[in-house]
Amino acid sequence: MKIPIFLTPLLLCLFISLVQGQTSKCDIQDHGSTLKVFHIFSQCSPFKPSKPMSWEESVLQLQAKDQARMQYLTSLVARKSVVPIASARQIIQSPTYIVKGKIGTPPQTLLLALDTSNDVAWIPCTGCVGCSTSKPFAPIKSTSFKNVGCGSSQCKQVPNPSCGGSACAFNFTYGSSSVAASVVQDTLTLATDPIPSYTFGCVQKQTGPSAPQQGLLGLGRGPLSLLAQTQNLYKSTFSYCLPSFKSSNFSGSLRLGPVAQPKRIKYTPLLRNPRRSSLYYVNLVAIKVGRKIVDIPPAALAFNPTTGAGTIFDSGTVFTRLVEPVYTAVRNEFRRRVGPKLVVTTLGGFDTCYNVPIVVPNITFMFSGMNVTLPQDNILIHSTAGSTTCLAMAAAPDNVNSVLNVIANLQQQNHRVLFDVPNSRLGVAREICT
């Protein structure tokens, strides 16, 4: 029986074990200030699914994770307090893209989830009760490891710090899970760059339904983020190109610092929300389907620091989520362009699916100063042999009450997305990195 080559990003888990010759690629070393980015379903990932799933199961599982992600992002824009280290739990349980980092002296290799909407590194340590990782960080084996003292500025940046002896620690409840961690420092090595005395959360205990499997690298703009802690080295600048889920090569990259960033790239200004300083807000002014700019109420796209409303780029959400009036306008025009007489079916949270071949209109996100027209692979998901095709966007979940439009990683794939914080701008350029 011939094994079909699936056309959908979501079915990679069904055939990835059949792809040969990837092991050597997994051993390729990172160079300079550039790290290889790979997807959790890749041959190089210990987090790939252990059992094959049907297409429907894959879609519904990713949607469920996105639902949790949206709840997490909504809680960020709704709260007024400092976002704690422990709030990374939601994305930790299901990262989409990961890089290899090294911590300690001598270095211990760990996998770190990329998260542009979180600030801090958060890593399970040996002896952690309730952590499910098989390879936690072992502080006892590192000669450069040290605890952060109670009087330090870093200790003041975590919520409800407590002191056992002189070391800074905290407990935090998130949903139905609770986390206990200590605030520590050690040398973090990214590619060939050592970063001494890097501050991160060393997880000691977790209770609840979802224990973290690996570490997290926070690429947000807050005080404990990678950008804040490496300002002299990387000048608060980075870019990534996320490979397609369906690629077997996984040649995406995370490029740290201003060196070797693309020169020919269009930019849109970054907007700053003082209440949510970590998030990368941009001004989405319109959306075009085919040649038509769809009719969207201006308030549905407007940036509002008080309510948290607006549009962000996020590496941890899979499918772009638009607030209800925005999504409805885009979806209706998409259906009209595809063919109003065609039968539309649903799959989970996707309400615009077809069981016949369709001609796909372009979708263009129009930002201040920059338009991004999505290729077909960034607009659709396909089932086995192309029998079902869905528009790979959705409205914000009903139970989230979200005011946030999220440009997610499926729509960002095979683009170089450049975060230039000193110049307060975000750039996007087409780049095939698959």
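Being a predicted model, the structure only gives us computed values, none of them experimental. Computed over heavy atoms, backbone and side chain alike; hydrogens, waters and symmetry mates excluded.
Between His415 and Val428, the closest heavy-atom pair is CD2-CG1, 3.8 Å. Considering all non-hydrogen atoms of both residues, Tyr280 and Leu219 come closest at OH-O, 2.6 Å. Between Pro243 and Val37, the shortest heavy-atom distance links the atoms CG-O, 4.0 Å. Of all the heavy atoms in Val330 and Val294, the pair that sits closest is CG2-CG2, 4.1 Å. Taking all atoms of both residues into account, the shortest heavy-atom contact from Ala392 to Leu380 is CB-C, 4.1 Å. Between Ser144 and Gly104, the closest heavy-atom pair is OG-C, 3.9 Å.
A distance of 14.5 Å separates NZ in Lys141 from OG1 in Thr105, rounded to the nearest 0.5 Å. Atom CG of residue Asn362 and atom CD1 of residue Ile379 lie 6.0 Å apart, to the nearest 0.5 angstrom. Here the OG1-CZ distance, from Thr268 to Phe367, works out to 7.0 Å after rounding to the nearest 0.5 Å. How far CG of Leu284 is from CE of Met370: 9.5 Å, rounded to the nearest 0.5 Å. Here CG of Asp314 is found 9.5 Å from CG of Asn118. Values are rounded to the nearest 0.5 Å. With rounding to the nearest 0.5 angstrom, the CG atom of Leu391 is 11.0 Å from the OG1 atom of Thr389.
Here the side chains of Pro269 and Val282 are not in contact, with every heavy-atom distance at 4.5 Å or above. For the pair Ile265 and Lys263, the minimum side-chain heavy-atom distance is 4.5 Å or more. You'll find the side chain of Leu35 stays beyond 4.5 Å of the side chain of Lys100, heavy atoms only. Between Lys36 and His31 the shortest side-chain heavy-atom distance does not fall below 4.5 Å. By the 4.5 Å heavy-atom criterion applied to side chains, Ile287 and Ile363 are counted as neighbours. In this structure, Leu410 and Thr320 have side chains that are not in contact, with every pair of non-hydrogen atoms separated by 4.5 Å or more. Two residues are said to be in side-chain contact when any heavy atoms from C-beta on lie closer than 4.5 Å; Gln411 and Leu374 meet this criterion. Counting heavy atoms from C-beta outward, Leu271 and Thr311 have side chains that stay 4.5 Å or more apart.
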Checklist entry - Thr373 and Lys288: side chain to side chain donor-acceptor pair (under 3.5 Å), yes or no, with the steps? => result CA-CA 9 Å; Thr373 299; Lys288 197 158 58 170; over 6 Å; no
Checklist entry - Going through the checks in order, is the side-chain contact (heavy atoms from CB on, under 4.5 Å) test met by Thr187 and Tyr198? => result CA-CA 6 Å; Thr187 298; Tyr198 195 85; over 6 Å; no
Next on the checklist: I'd like to know whether Val326 forms a side-chain contact (heavy atoms from CB on, under 4.5 Å) with Asn405, so could you lay out the CA-CA distance, the side-chain angles of the two residues, the decisive distance to 0.1 Å, and finally the verdict.
Outcome noted: CA-CA 9 Å; Val326 179; Asn405 298 297; 4.2 Å; yes
Next on the checklist: Under the criterion disulfide bond (SG atoms under 2.5 Å apart), I'd like the reasoning laid out for Cys168 against Cys163: C-alpha separation, chi angles, the key distance, then a yes or no.
Outcome noted: CA-CA 5 Å; Cys168 181; Cys163 284; 5.9 Å; no
Item to check | Steps toward side chain to side chain donor-acceptor pair (under 3.5 Å) verdict (Ser142, Asp186) | outcome: CA-CA 8 Å; Ser142 172; Asp186 207 333; 2.7 Å; yes
Next on the checklist: Quick one, Ser277 with Arg221, criterion side-chain contact (heavy atoms from CB on, under 4.5 Å). Give me CA distance, side-chain angles, the key distance, then yes/no.
Outcome noted: CA-CA 6 Å; Ser277 57; Arg221 293 190 269 183; 5.5 Å; no
Item to check | Full working for side-chain contact (heavy atoms from CB on, under 4.5 Å) between Ser117 and Ile312 | outcome: CA-CA 9 Å; Ser117 297; Ile312 64 167; 4.1 Å; yes
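Checking side-chain atoms of Gln229 against main-chain N and O of Thr199 turns up a donor-acceptor pair under 3.5 Å. Of the possible polar contacts, none joining the Gln154 side chain to the Val183 backbone as a donor-acceptor pair under 3.5 Å is found. Not one N or O on the side chain of Gln157 forms a donor-acceptor pair closer than 3.5 Å with the backbone of Leu224. Judged by distance alone, with hydrogens and angles left aside, the side-chain atoms of Ser152 form a donor-acceptor pair with the main-chain N or O of Gly149 at under 3.5 Å. Distance alone, capped at 3.5 Å, places no donor-acceptor pair between the Ser182 side chain and the Ala169 backbone. Using a distance-only test at 3.5 Å, with no hydrogens or angles considered, a donor-acceptor pair links the side chain of Arg430 to the main chain of Asn414. Gln261 places a side-chain N or O within 3.5 Å of a backbone atom of Gly257 that can act as its donor or acceptor partner. For the pair Asn304 (side chain) and Thr307 (backbone), a donor-acceptor distance under 3.5 Å is present. For the pair Thr192 (side chain) and Gly32 (backbone), a donor-acceptor distance under 3.5 Å is present. Remark: side-chain polar atoms of Gln204 are paired, donor with acceptor, to backbone N or O of Cys202 under 3.5 angstrom.
For the residue pair Ser368 / Asn283, a side-chain donor-acceptor distance below 3.5 Å is found, with atom types taken as modelled. In the model, Arg416 has a side-chain atom that pairs as donor or acceptor with a side-chain atom of Ser239 under 3.5 Å.
Under the 4.0 Å criterion applied to side-chain N and carboxylate O atoms, Asp351 and Arg331 are assigned as salt-bridge partners. Taking 4.0 Å as the cut-off between side-chain N and carboxylate O, Arg425 and Asp420 count as a salt-bridged pair.
A disulfide bridge does not connect Cys125 to Cys128: their SG atoms sit 2.5 Å or farther from one another. The SG atoms of Cys433 and Cys241 lie less than 2.5 Å from each other.
Test Tyr240, Tyr267, Phe313 against Phe419 for ring-ring contact (aromatic ring centres under 6.0 Å, His included) and you get one pass: Tyr240. Screening Asp193, Ile123, Ile103 for a side chain to side chain contact (heavy atoms under 4.5 Å, CB included) involving Leu188 leaves a single residue, Ile103. Just one residue in the list Asn273, Asp119, Asp115 forms a side chain to side chain donor-acceptor pair (under 3.5 Å) with Ser278, and that residue is Asp119.
Ring geometry for Phe200 versus Phe137: interplanar angle over 60°, hence perpendicular rather than tilted (30 to 60°).
For Phe38 and Tyr97, the ring centers are positioned 6.0 Å apart or more.
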